[in-house]
Peer 1: 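Have a look at the structure that comes next, please.
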Amino acid sequence: MSAFWLDTDRARRATSSWAERGDAWFRTQFDLEGDFSKLQLSGVSLSALHEIAAASTELWVNASFVRLVADRAESSDGFGNVDAFTIDRLRRQAGEHAQLSLSNACTASWASYSFSSRYGDAGETFDVDVRSPFAIFGSSADERGRNLVIRALADTSDETQIRKDEFELVRISNGRYVVVLPGVTDLVLPDLGLDTRHRTVRDMDQYAYRSSLSTSVADNRYAQMVWDGLIAAGVPLGAELMIVGHSFGADTALDLAADPRFNGSAGFDVTHVVAAGYHSEPQLPHVDAGTEVLVLQNHLDAAVIAEAIGHGHLTGLVEQSKGFIDMVFDLDRRGAFAHLGGVAYHAAGAARDGVSYLVGSADSIAQAGAGLATGRLHVVADGLSDMFGIEPGVDQVTDHQIVDVFRGGGRGLGHHPANYVARVATATDPSVVAFFESIDAAGYANSGTALAIDVSVPTND
């Protein structure tokens, strides 16, 4: 009988090259679709897009498969029985099962391949597509855990990895899972109602606003669809999960972690949460003590500041105003007067909050004014930063919860995930470093297969 032998270092170098080439082809497909759309080309052009997507997916699946083989070859149980069943199981774990007919995707039967448009789609809810695999490297536990969070946060702003109507599920080679939840799709250009092209649940006015008013999954449709999507993708109950979310994704991550049905004996085991770019403090008391939580907030993040200031009266004002308008259109005079009273109450409260905030910021206003009068723009910037920013510092809320407010960059009014990636790369506080080390100790900082799960809201909802 011939013996199995594999140079695992060379194999991993080869798979890195395959994954990078697959990434390049996928970006080409993504860009070409945009060009074809502008030129209103279809037919043969669409077929070409499927072929490029299929080729890149095949490279990703093969890269994940060989990495799994390398992991098995180095593990304590070895790779003694290289039988057809084991090979098939590893191929499926690498993501091959997500494609209906991958081997024929480049032939005349390419239509059976599940192709995700760069613009998303209004259907195909809970469909699963393979994306560029995770490959986590590092010479220490801190570096490996840190690099995992960096990759996950970077993916939240990469639409070649996660479409507008998707979230990401990473199947780690050791049986654990990382769930990556990006934020809303219409923050910069708000669009009332669901987008007709993709009907994403990551919609600000339809779902994110309502969720911001509570810490309950019952009020968070995104969280509900992530829960259903994990089950549809075959994640077994009891599996260990790490959830990384940005913005509405951070809100959703903590809503799920705070729900004992999801994060409990009858659901999943959420061991770690990274919540970036959201006013998460009101959610923390509801999260189980067994879940390690790291909250990241850029002190210049306009969205976090707005959420913090408006968590009370401003959100109530919006809600009561909406109710008043609805009652007027329904010709319900009693209901309209009731909501009008709520509008007056919250308007007065919001005014008081605003006055208190301005009084507390008097020194910063004076600093900005002095800088403006003397033409020293850096003094103006410092004053505005102190006025509107959140006080930086690392707060160990509990033994298992850390809030890290940092002086970060201003990209996207401080809200862009790149500001948070930069923080993760440079954080030195011992408690934050210990959190990164715990990610590695829990077994998440390993190679993994990345899958994109569609969360288009069904048309009958």
Peer 1: Rounded to the nearest 0.5 Å, how far apart are OG of S456 and CE of M225?
Peer 2: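 Going from the OG atom of S456 to the CE atom of M225 covers 7.0 Å.
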
Peer 1: Less than 4.5 Å apart, any side-chain heavy atom of L32 and any of I52?
Peer 2: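 In short, these two side chains touch, coming nearer than 4.5 Å.
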
Peer 1: Is there a side-chain contact between L241 and T271 in this structure, where contact means two heavy atoms from C-beta onward sitting under 4.5 Å apart?
Peer 2: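 A side-chain contact is absent here, since even the closest heavy-atom pair is not under 4.5 Å.
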
Peer 1: Quick one: pull up CG in D219 and OG in S211 and give me the separation to the nearest 0.5 Å.
Peer 2: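 It comes to 7.0 Å.
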
Peer 1: Which distance, rounded to the nearest 0.5 Å, do you find between the OG1 of T156 and the CG of L181?
Peer 2: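 Here the rounded value is 9.5 Å.
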
Peer 1: To the closest 0.5 Å, what do you measure between CH2 (W25) and OG1 (T57)?
Peer 2: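 It is 11.0 Å, given to the nearest 0.5 Å.
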
Peer 1: With a 3.5 Å distance limit and no angle check, can you tell me whether R163 reaches the backbone of E159 through a side-chain donor-acceptor pair?
Peer 2: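 Checked: pair present.
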
Peer 1: Does a side-chain heavy-atom distance below 4.5 Å link V405 with V403?
Peer 2: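 Yes, at least one pair of side-chain atoms sits under 4.5 Å.
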
Peer 1: Can a salt bridge be assigned to the pair E168 and R131 using a cut-off of 4.0 Å between side-chain N and carboxylate O?
Peer 2: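 Judged by the 4.0 Å cut-off on N to carboxylate O distance, E168 and R131 do not form a salt bridge.
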
Peer 1: Report the C-alpha separation of D23 and S132 in whole Å, then their side-chain angles, then the decisive distance to 0.1 Å, and conclude whether the side chain to side chain donor-acceptor pair (under 3.5 Å) test is met.
Peer 2: CA-CA 6 Å; D23 294 350; S132 183; 2.6 Å; yes

Peer 1: Does CG belonging to D399 count more than 12 external heavy atoms closer than 6.0 Å?
Peer 2: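 12 or below, so no.
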
Peer 1: Between D165 and R199, is there a side-chain N and carboxylate O pair less than 4.0 Å apart?
Peer 2: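 Here D165 does not pair with R199 in a salt bridge, since their nearest N and O are not under 4.0 Å apart.
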
Peer 1: Tell me if a side-chain donor or acceptor on S247 pairs with a main-chain N or O of G249 at a distance below 3.5 Å.
Peer 2: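 Checking the backbone N and O of G249 against the side chain of S247, no donor-acceptor pair under 3.5 Å is found.
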
Peer 1: Could you walk me through whether V304 and N298 pass the side chain to side chain contact (heavy atoms under 4.5 Å, CB included) check?
Peer 2: CA-CA 8 Å; V304 176; N298 181 0; over 6 Å; no

Peer 1: Are the side chain of R202 and the backbone N or O of Y222 linked by a donor-acceptor pair below 3.5 Å?
Peer 2: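 Checked: no pair found.
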
Peer 1: Within the distance-only criterion (no hydrogens, no angle test), does the side chain of T200 pair as donor or acceptor with the backbone N or O of K164 below 3.5 angstrom?
Peer 2: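 Flag set: sc T200 to bb K164 pair under 3.5 Å.
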
Peer 1: F65 ring centre to R91 NZ or CZ under 6.0 Å, with the angle to the axis within 45°?
Peer 2: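 Pair R91/F65 counts as cation-pi.
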
Peer 1: For L451 and G95, which heavy atoms make the closest approach, and how far apart are they?
Peer 2: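 Heavy atoms of L451 and G95 come nearest at CD2-CA, 4.5 Å.
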
Peer 1: Does a donor on one side chain sit under 3.5 Å from an acceptor on the other, for N263 and T291?
Peer 2: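 There is such a pair (donor and acceptor under 3.5 Å, judged by atom type) between the side chains of N263 and T291.
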
Peer 1: Show your reasoning for whether side chain to side chain donor-acceptor pair (under 3.5 Å) applies to D429 and S431.
Peer 2: CA-CA 6 Å; D429 185 273; S431 61; 2.4 Å; yes

Peer 1: Return the minimal non-hydrogen interatomic distance between V394 and I402, and the atom names on each side.
Peer 2: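 Minimum heavy-atom contact is CG1-CG2, 3.7 Å.
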
Peer 1: Below 4.0 angstrom, N of the basic side chain to O of the carboxylate: do D155 and R151 qualify?
Peer 2: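 Looking at D155 and R151, the cut-off is met.
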
Peer 1: So do Q283 and D251 actually touch side chain to side chain, heavy atoms under 4.5 Å?
Peer 2: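 Contact flag for D251/Q283 side chains = yes.
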
Peer 1: Test side chain to side chain contact (heavy atoms under 4.5 Å, CB included) on F436 and D440 and set out the steps.
Peer 2: CA-CA 7 Å; F436 295 142; D440 182 72; over 6 Å; no

Peer 1: Apply ring pair (Phe, Tyr, Trp, His ring centres under 6.0 Å) to H272 and F435, showing your working.
Peer 2: CA-CA 9 Å; H272 290 71; F435 179 88; 5.6 Å; yes

Peer 1: Using every non-hydrogen atom in the two residues, find where I453 and A233 come nearest and quote the distance to one decimal.
Peer 2: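 Between these two residues, the closest heavy atoms are CD1-CB, 3.7 Å.
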
Peer 1: Are more than 12 heavy atoms from other residues, nucleotides or ligands located less than 6.0 Å from atom CZ of R21?
Peer 2: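 No, not enclosed.
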
Peer 1: Does the ring of Y177 carry R171 above it, NZ/CZ under 6.0 angstrom from centre and within 45° of its axis?
Peer 2: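 That pair does not qualify as a cation-pi contact.
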
Peer 1: Do any N or O atoms from the side chain of R146 and from the backbone of A427 form a donor-acceptor pair under 3.5 angstrom?
Peer 2: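 Yes; judged by distance alone, with no hydrogens or angles, the pair exists.
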
Peer 1: How far apart are the closest heavy atoms of L296 and Y420, and which atoms are they?
Peer 2: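 That would be O-CE2, 3.2 Å.
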
Peer 1: If you compare all heavy atoms of T215 against all heavy atoms of P282, which two are closest, and at what distance to 0.1 Å?
Peer 2: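 Scanning both residues, the minimum pair turns out to be CG2-O, 3.9 Å.
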
Peer 1: For the pair H246 and H415, name the ring-plane relationship: parallel under 30°, tilted 30 to 60°, perpendicular over 60°.
Peer 2: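 Tilted: the ring planes of H246 and H415 meet at 30° to 60°.
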
Peer 1: Could you walk me through whether Q401 and D395 satisfy the side chain to side chain donor-acceptor pair (under 3.5 Å) test, starting with their C-alpha distance in whole Å, then the side-chain angles of each, then the deciding distance to 0.1 Å, before giving a yes or no?
Peer 2: CA-CA 9 Å; Q401 298 177 347; D395 181 16; over 6 Å; no

Peer 1: To the nearest 0.5 Å, what is the distance between CD on Q161 and CZ on R27?
Peer 2: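 Reported to 0.5 Å precision, the distance equals 10.5 Å.
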
Peer 1: I'd like to check E240 versus Y444 (side-chain heavy atoms, cut-off strictly below 4.5 Å). Are they in contact?
Peer 2: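 E240 vs Y444: side chains touch.
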
Peer 1: Would you call V226 and L256 a side-chain contact if the rule is heavy atoms closer than 4.5 Å?
Peer 2: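 The answer is yes; the side chains approach within 4.5 Å.
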
Peer 1: Could you check whether any side-chain N or O of T15 sits under 3.5 Å from a backbone N or O of V66, counting only pairs where one atom can act as donor and the other as acceptor?
Peer 2: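 Checked: no pair found.
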
Peer 1: With side chain to side chain contact (heavy atoms under 4.5 Å, CB included) as the criterion, how do F137 and E143 come out once you've worked through the C-alpha distance, each side chain's angles and the decisive distance to 0.1 Å?
Peer 2: CA-CA 8 Å; F137 303 100; E143 187 178 2; over 6 Å; no

Peer 1: May I have the step-by-step check of side chain to side chain contact (heavy atoms under 4.5 Å, CB included) for L153 and V424, ending in yes or no?
Peer 2: CA-CA 9 Å; L153 287 175; V424 172; 3.9 Å; yes

Peer 1: Apply side chain to side chain donor-acceptor pair (under 3.5 Å) to residues S216 and D255 and explain how you reach the verdict.
Peer 2: CA-CA 6 Å; S216 172; D255 278 355; over 6 Å; no

Peer 1: To the nearest 0.5 Å, what is the distance between OG1 on T8 and CZ on R67?
Peer 2: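 Here the interatomic distance stands at 13.0 Å.
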
Peer 1: Which is it for F248 and Y278 under the ring pair (Phe, Tyr, Trp, His ring centres under 6.0 Å) test, yes or no, and what are the steps along the way?
Peer 2: CA-CA 7 Å; F248 186 20; Y278 196 79; 7.9 Å; no

Peer 1: Looking at P133, is its backbone amide N or carbonyl O close enough to the side chain of S64 to form a donor-acceptor pair, meaning the two atoms are under 3.5 Å apart?
Peer 2: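 Pair absent, no side-chain N/O of S64 close to backbone of P133.
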
Peer 1: Taking the side chain as everything from C-beta on, heavy atoms only, tell me whether V455 gets closer than 4.5 Å to F167.
Peer 2: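 The answer is yes, as the side chains (C-beta and beyond) meet within the 4.5 Å cut-off.
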
Peer 1: Are any of the side-chain heavy atoms of V293 and L284 separated by less than 4.5 Å?
Peer 2: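 Sidechains of L284 and V293: in contact.
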
Peer 1: Under 6.0 Å between ring centres: does that hold for F26 and W60?
Peer 2: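 F26 vs W60: aromatic centres under 6.0 Å.
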
Peer 1: Not counting sequence neighbours, which residues clear side-chain hydrogen bond (donor to acceptor under 3.5 Å, both in side chains) with R197? List them please.
Peer 2: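 Once residues adjacent in sequence are excluded, R197 has no partner under the side-chain hydrogen bond (donor to acceptor under 3.5 Å, both in side chains) criterion.
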
Peer 1: Tell me every residue that passes salt bridge (Lys or Arg N to Asp or Glu O under 4.0 Å) with E281, counting only those two or more places apart in sequence or in another chain.
Peer 2: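 Applying salt bridge (Lys or Arg N to Asp or Glu O under 4.0 Å) to E281 gives none.
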
Peer 1: Check for a donor-acceptor pair, side chain of D404 on one end and backbone N or O of V295 on the other, with a separation under 3.5 Å.
Peer 2: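 Not a single qualifying donor-acceptor pair exists.
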
Peer 1: Indicate the atoms forming the closest heavy-atom contact of S117 with E33, along with that distance.
Peer 2: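 Nearest heavy atoms, S117 then E33: OG-OE2, 2.5 Å.
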
Peer 1: Okay, side chain of D127, backbone of D454: is any donor-acceptor separation there less than 3.5 Å?
Peer 2: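 No.
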
Peer 1: Is there a donor-acceptor pair closer than 3.5 Å between any side-chain N or O of N419 and the backbone N or O of R411?
Peer 2: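 Yes, because the side chain of N419 sits within donor-acceptor range (under 3.5 Å) of the backbone of R411.
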
